Amino acid sequence: MPVHPLTPDRWAHLEALFGANGACGGCWCMWWRVTAKEFEAGSAANRERMQAIVADGDRPPGLLAYEDGRPVGWVTVAPREEFGRIERSRDLALLDGPVWSVPCFYVAAGQRGRGVASTLLDAVVRFAARHGARTVEGYAVDPTRRRFTNSEAYTGTVSLFEAAGFTPAAQRTPSSRIVMRRDVSTARRRAR
């Protein structure tokens, strides 16, 4: 399954994948990047913000997975400081050093359970390492402890991260997401 960075020439692919609802409730994968007040501006504003990030071209804000030339999955990844809600979170902003975050996956209906998220997470490790990351972290739910809906599991599951070599680093409260971390410095050496 090919995976490509979201560059300006692939913007229409993200629109096709996310559809009119902007993936989930007009999010356009901006929930972690903006304040609550900014997010409340709605789907159109979130779409414009994400499109501006993509158009900037500084660094792709995430990766798209494809099957038969169609986009079937998305993951966002960037240095943690680009995700203000994580930085402000009592449960998630913790530990030391520069870290890249993987706070959101979106897999098209009908494609779930087919390895799309795993493929995306493997690609994230290589992508982040190529862009200088030493550590990548995600914020997983654990369905073995309590049931989660698909929409609640958008940050990924513990088993997804463990299969990609991540280990639990912290969990502030029993109900909070589990911070999963992986050192990607060895991936960086292999990517060269």
Side-chain angles (χ1 to χ4, degrees), residues 1-6 14 17-18 23-25 27 29 31-33 61-67 70-80 82-83 85-87 89-97 99-131 133-188 190-191:
M1 179 177 304
V3 175
H4 299 285
L6 176 58
L14 186 70
L17 177 64
F18 280 6
C24 186
C27 184
C29 213
W31 170 258
W32 296 104
R33 292 177 180 272
L63 308 173
L64 289 164
Y66 292 81
E67 184 168 275
R70 293 178 304 113
V72 295
W74 157 260
V75 64
T76 191
V77 58
R80 186 174 58 197
E82 292 185 23
F83 301 106
R85 285 190 196 236
I86 295 170
E87 290 286 282
S89 170
R90 290 184 185 143
D91 292 337
L92 302 179
L94 56 123
L95 306 172
D96 59 326
V99 174
W100 280 50
S101 291
V102 184
C104 187
F105 294 85
Y106 180 78
V107 177
Q111 297 294 322
R112 297 174 187 142
R114 300 185 64 226
V116 176
S118 297
T119 298
L120 285 165
L121 188 53
D122 289 341
V124 157
V125 167
R126 293 186 304 275
F127 177 83
R130 278 194 312 271
H131 285 85
R134 292 177 177 253
T135 304
V136 175
E137 70 181 19
Y139 313 101
V141 296
D142 187 351
T144 66
R145 293 187 187 176
R146 80 173 178 91
R147 291 189 75 156
F148 291 91
T149 65
N150 281 342
S151 63
E152 288 176 297
Y154 69 96
T155 57
T157 62
V158 170
S159 60
L160 169 71
F161 282 98
E162 286 178 337
F166 288 70
T167 57
Q171 184 177 25
R172 293 289 193 215
T173 67
S175 63
S176 65
R177 295 179 188 280
I178 300 166
V179 178
M180 304 290 292
R181 279 194 158 188
R182 178 173 169 185
D183 176 334
V184 297
S185 57
T186 57
R188 180 173 42 249
R190 280 182 284 188

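Bear in mind that the values here come from a model prediction, so they are computed numbers and not experimental data.
- Contact of the Leu14 side chain with the Pro71 side chain is not registered, since no non-hydrogen atoms from C-beta on lie closer than 4.5 Å.
- The shortest distance between side-chain heavy atoms of Val75 and Val102 falls below 4.5 Å.
- Expressed to the nearest 0.5 Å, how far CD1 of Ile178 lies from OG1 of Thr167 amounts to 11.5 Å.
- For Arg114, the side-chain hydrogen bond (donor to acceptor under 3.5 Å, both in side chains) partners two or more places apart in sequence, or in a different chain, are Glu67, Gln111.
- Between Ala23 and Tyr106 the shortest heavy-atom distance is O-CE1, 3.5 Å.
- Counting heavy atoms from C-beta outward, Trp31 and Tyr154 have side chains that approach closer than 4.5 Å.
- Taking every heavy atom of both residues into account, Val136 and Ala128 meet most closely at CG2-CB, 3.6 Å.
- Formation of a donor-acceptor pair under 3.5 Å by the Thr76 side chain with backbone atoms of Gly62 is not found in this model.
- Here CD of Glu87 is found 7.5 Å from OG of Ser101. Values are rounded to the nearest 0.5 Å.
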Legend entry - From CA spacing to verdict: side chain to side chain contact (heavy atoms under 4.5 Å, CB included), Val141, Arg177: CA-CA 5 Å; Val141 296; Arg177 295 179 188 280; 2.8 Å; yes

Inset, instruction - Quick one: do Val3 and Tyr66 satisfy side chain to side chain contact (heavy atoms under 4.5 Å, CB included)? Show the steps, please. - result: CA-CA 6 Å; Val3 175; Tyr66 292 81; over 6 Å; no

Inset, instruction - List the steps, then state whether side chain to side chain contact (heavy atoms under 4.5 Å, CB included) holds for Leu160 with Phe166. - result: CA-CA 9 Å; Leu160 169 71; Phe166 288 70; over 6 Å; no

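- Aromatic ring orientation, His131 versus Trp100: tilted (interplanar angle from 30° to 60°).
- Smallest separation of non-hydrogen atoms from Leu17 and Val72: CD1-C, 3.7 Å.
- Here the closest heavy-atom approach between residue Pro5 and residue Leu63 is recorded as CA-CD2, 3.6 Å.
- Atoms CE and CZ, from Met180 and Phe161 in turn, are 7.5 Å apart once rounded to the nearest 0.5 Å.
- The backbone N or O of Ala164 sits less than 3.5 Å from a side-chain atom of Arg182, completing a donor-acceptor pair.
- Rounding to the nearest 0.5 Å places SG of Cys27 at 10.0 Å from CH2 of Trp32.
- Atoms CZ and SG, on Phe105 and Cys29 in that order, are 10.5 Å from each other to the nearest 0.5 Å.
- In this structure, CG in Asp122 is found 11.5 Å from CE in Met1, a value given to the nearest 0.5 Å.
- With hydrogens and angles disregarded, no donor-acceptor distance shorter than 3.5 Å links the side chain of Arg80 to the backbone of Ile86.
- Between Arg33 and Pro61, some side-chain heavy-atom pair lies under the 4.5 Å cut-off.
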